[in-house]
Amino acid sequence: GGERSVSTIMFLMALQDMVKSPFRVVDEINQGMDERNERIVFKRIVENSVGPTRPQYFLITPKLLQGLTAMEHEDVTVLFVFNGPYNLKPGEWDLPGFLRKRKALLGDEEPNRPGKQAKSAAARQGDEARVQ
């Protein structure tokens, strides 16, 4: 599903090199696309928008598929804006409390990130023994 949207976005991206612009904005282009087409389009958007000479791309959508591997590119930034009647109101956010709970759930481990290794339980016990 969504072949018309796929052909539209592919055509627009083909015109990018003809029209110079510092950024592009695409609103809900993935609506009506099946998962396969959405993955193809998202991958192509990333390929056409990363690098120092490429324009920025703003993809505005109420939904985004999970597991889009193209998002792992270092030049890609994803911003989530949550809006609705069930979200926390300003002043109700408790970031320090959230971080404490997260650390407790992870057992004070750093999350696995590229270039960082989380300590094993044995390594943490060794650290604790040296401190005592």
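Values in this document were obtained by computation on a predicted structure and should not be read as measured data.
L15 forms part of a hydrophobic cluster together with F11, judged by ILVMFWY side-chain heavy-atom separations under 4.5 Å. Here L79 is tied to no hydrophobic group at all, with no ILVMFWY side chain closer than 4.5 Å. The hydrophobic cluster around V19 extends to M18, counting ILVMFWY residues whose side-chain heavy atoms fall within less than 4.5 Å of a member.
Contact check for Y57 versus M13: side-chain heavy atoms found under the 4.5 Å cut-off. Here the side chains of M10 and R44 are in contact, with some heavy-atom distance below 4.5 Å. Residues I60 and V25 are in side-chain contact: their nearest non-hydrogen atoms beyond the backbone lie under 4.5 Å apart.
The two residues P55 and S21 make their nearest non-hydrogen contact at CB-O, 3.2 Å.
Every side chain to side chain contact (heavy atoms under 4.5 Å, CB included) that L95 has, sequence neighbours left out, goes to F98, L99. Under the side chain to side chain contact (heavy atoms under 4.5 Å, CB included) criterion, R54 pairs with Q16, D17, N48, sequence neighbours left out. Remark: P96 engages D94, R100 in a side chain to side chain contact (heavy atoms under 4.5 Å, CB included) (not counting sequence neighbours). Applying the side chain to side chain contact (heavy atoms under 4.5 Å, CB included) rule to E92 yields the partners L88, K89; only residues at least two apart in sequence or on another chain are considered.
Partner N30 forms a side-chain contact (heavy atoms from CB on, under 4.5 Å) with one of T61, N37, V41 and no other, that one being T61.
Residues V78 and F42 share a hydrophobic cluster, clusters being chains of Ile/Leu/Val/Met/Phe/Trp/Tyr side chains in contact below 4.5 Å. There is a path of hydrophobic side-chain contacts, each under 4.5 Å, that joins L65 to I40.
Interatomic distance, CD1 of I9 versus CD1 of I45, reported as 4.5 Å (0.5 Å rounding).
Residue pairs meeting the salt bridge (charged side-chain N to carboxylate O under 4.0 Å, His left out) criterion with at least one member in residues 26-36, sequence neighbours excluded, are E35-R39. Within the structure, side-chain hydrogen bond (donor to acceptor under 3.5 Å, both in side chains) contacts touching residues 3-13 (residues at least two apart or in different chains) do not occur.
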